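See structure below.
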Amino acid sequence: MQFAHARGLLCRVCGFCAVCICMSLMGAQETQTAVLEDIVAEEYISALRESGQVEYIHEENNDTLKLLPKSSYADMLLNGRVKKVRDRLGYVTESLFWVKKEVLAENSTRVDTVPDTSLEAVTRVLRSASAMEGMQYYSNSRKEWSVLYKSVYMVKGANDWTRIPDENTGDANGQVSYCYQHDHTFGGCYYRLNYYQTGNEVAALFTNITWMKYGAIRAVKPEQLKISIVVTDCGEGYLFYIVSDADCVRFPLMTTRLTNSFRARIDALYKWFITQF
């Protein structure tokens, strides 16, 4: 009897310990974060810590990604590059941004709600297409601020452009959505939005699925503009990586304006992003 009792007690103790270990492991997974210095090249750390941004504008025929951090999505971005056509304007610009979570809370423009800087909130922001409507950008040609997107909303699908509410709840991993954007430079265009989510990272890939026009000129073919975003939770803050990758028509007097326009979008997107928490 005493042996049976001792054995039963031992089993209960072991069972309790197993539960505690499992809960501890689950908690560790939930709070897993990256370390900035471990995922970004050492040469960029100081600039990120001091100014919060590093930018790399690629010259033509040099489109090797320089700023891409260590990420579970790195291979996906490398393998999904826009193929450049000879005699067209190949364009690539990368940016790294570093922002502390306390700054996100301070910059929040949301009303009647407590700022939420969790990774789940990041997935909500990146999937809130309609919130981009009215986004501002700085026009280098006119030297003034202008509205980048005067109309933005999600649609049912690639072949059904019926307007629908934002699809910004639940797990983002594997989500495919579609949206319409009417932008200052290219007019109306439809995009495919691919989302991915892991323990401490969120990725979003925006690809044009209709022609982008510069006035009467067909500037960018479908599938030839990709804006890729990876946000990594580093505990105290977020590392925000964005690359704009495009193959555009080459046209006299238009090249500089197109490159400036694509570059301005990265800055505008980030400035919008950090106010949405």
Side-chain angles (χ1 to χ4, degrees), residues 32-45 47-48 52-99 119 122-123 125-127 158 171-179 189 191-209 212 220-234 237-248 258-259 261-267 269-270 273:
Q32 179 185 11
T33 57
V35 177
L36 184 65
E37 285 74 11
D38 291 342
I39 60 176
V40 174
E42 184 178 357
E43 60 191 292
Y44 306 125
I45 294 296
L48 272 179
Q53 179 181 4
V54 176
E55 182 183 55
Y56 191 97
I57 302 173
H58 293 251
E59 297 178 356
E60 284 194 67
N61 304 316
N62 174 22
D63 62 355
T64 301
L65 298 184
K66 301 291 186 180
L67 303 184
L68 182 62
K70 293 180 181 178
S71 165
S72 55
Y73 301 118
D75 287 342
M76 179 179 71
L77 266 59
L78 289 170
N79 295 330
R81 302 293 307 284
V82 170
K83 292 183 179 180
K84 309 301 187 295
V85 178
R86 191 174 182 179
D87 297 326
R88 291 175 64 86
L89 174 64
Y91 173 83
V92 181
T93 290
E94 299 174 86
S95 287
L96 281 171
F97 298 93
W98 167 249
V99 60
L119 195 65
V122 172
T123 70
V125 173
L126 290 178
R127 291 182 290 170
D171 190 354
N173 194 41
Q175 178 177 323
V176 181
S177 297
Y178 297 86
C179 83
C189 185
Y191 293 83
R192 181 178 62 252
L193 317 176
N194 294 86
Y195 298 98
Y196 305 90
Q197 183 176 358
T198 61
N200 67 348
E201 288 182 302
V202 177
L205 279 61
F206 303 159
T207 308
N208 70 311
I209 59 173
M212 300 177 70
V220 184
K221 290 181 178 180
E223 307 286 336
Q224 292 300 97
L225 168 67
K226 293 186 177 181
I227 298 176
S228 302
I229 302 167
V230 178
V231 182
T232 306
D233 188 350
C234 296
Y238 287 109
L239 177 69
F240 187 93
Y241 172 77
I242 182 168
V243 54
S244 181
D245 190 4
D247 186 54
C248 316
L258 280 179
T259 54
S261 180
F262 285 127
R263 183 184 178 190
R265 276 160 175 69
I266 291 181
D267 190 58
L269 184 59
Y270 176 71
F273 174 82

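Please read all numbers here as calculations on a predicted model, not as lab measurements.
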Any idea which heavy atoms bring [X] and [Y] closest together, and the distance?
X    : Y    : result
L96  : L67  : CD1-O, 3.7 Å
C189 : M212 : SG-CG, 3.6 Å
L68  : E94  : N-OE1, 3.5 Å
N208 : P222 : ND2-CA, 3.5 Å
L48  : W98  : O-CD1, 3.7 Å
I227 : S244 : CG1-OG, 4.2 Å

Treating [X] as the side-chain partner and [Y] as the backbone partner, does any N or O pair qualify as donor plus acceptor under 3.5 Å?
X    : Y    : value
K66  : Y56  : no
D247 : K84  : no
Q32  : G199 : no

Is there a side-chain contact between [X] and [Y] in this structure, where contact means two heavy atoms from C-beta onward sitting under 4.5 Å apart?
X    : Y    : result
P69  : V230 : no
D233 : Y238 : yes
I229 : L269 : yes

Subject >> F273: partners by ring-ring contact (aromatic ring centres under 6.0 Å, His included), with sequence neighbours left out >> reply: F240, F277
Original post:
Passes side-chain contact (heavy atoms from CB on, under 4.5 Å), V82 versus V92? Steps please.
Top reply: CA-CA 9 Å; V82 170; V92 181; over 6 Å; no
Rounded to the nearest 0.5 Å, how far does [atom2] of [Y] lie from [atom1] of [X]?
X    : Y    : atom1 : atom2 : result
R265 : I242 : CZ    : CD1   : 11.0 Å
Y195 : T123 : OH    : OG1   : 10.0 Å
T232 : Y241 : OG1   : OH    : 11.5 Å
L78  : S71  : CG    : OG    : 10.0 Å
F206 : L193 : CZ    : CG    : 5.5 Å
M76  : L205 : CE    : CG    : 5.0 Å

Sequence neighbours excluded and cut-off under 3.5 Å, please list the side-chain donor-acceptor pairs for residues 37-45, or say none.
residue, atom, partner, partner atom, Å
E37, OE1, R49, NH2, 3.4
E37, OE2, R49, NE, 3.2
E37, OE2, R49, NH2, 3.0

**OP:** Give the intermediate values and the outcome of side-chain contact (heavy atoms from CB on, under 4.5 Å) for residues V85 and K221.
**Re:** CA-CA 11 Å; V85 178; K221 290 181 178 180; 5.9 Å; no
**OP:** Please list, chain by chain and in numerical order, all residues satisfying side chain to side chain donor-acceptor pair (under 3.5 Å) with D267, sequence neighbours excluded.
**Re:** K271
**OP:** Applying side chain to side chain donor-acceptor pair (under 3.5 Å), name anything that partners T93, two or more places apart in sequence or on another chain.
**Re:** Y91
Subject >> Inter- and intrachain pairs under salt bridge (Lys or Arg N to Asp or Glu O under 4.0 Å), touching residues 194-204, at least two apart >> reply: none
Original post:
What pairs meet the salt bridge (Lys or Arg N to Asp or Glu O under 4.0 Å) rule with one or both residues in residues 69-82, with sequence neighbours excluded?
Top reply: D63-R81, R81-D245
Original post:
Do Y270 and Q53 pass the side-chain contact (heavy atoms from CB on, under 4.5 Å) test, and can you show the C-alpha distance, the side-chain angles, and the key distance before you say yes or no?
Top reply: CA-CA 10 Å; Y270 176 71; Q53 179 181 4; over 6 Å; no
Original post:
Would Y73 and S228 satisfy side-chain contact (heavy atoms from CB on, under 4.5 Å), going step by step from the backbone distance to the final call?
Top reply: CA-CA 10 Å; Y73 301 118; S228 302; over 6 Å; no
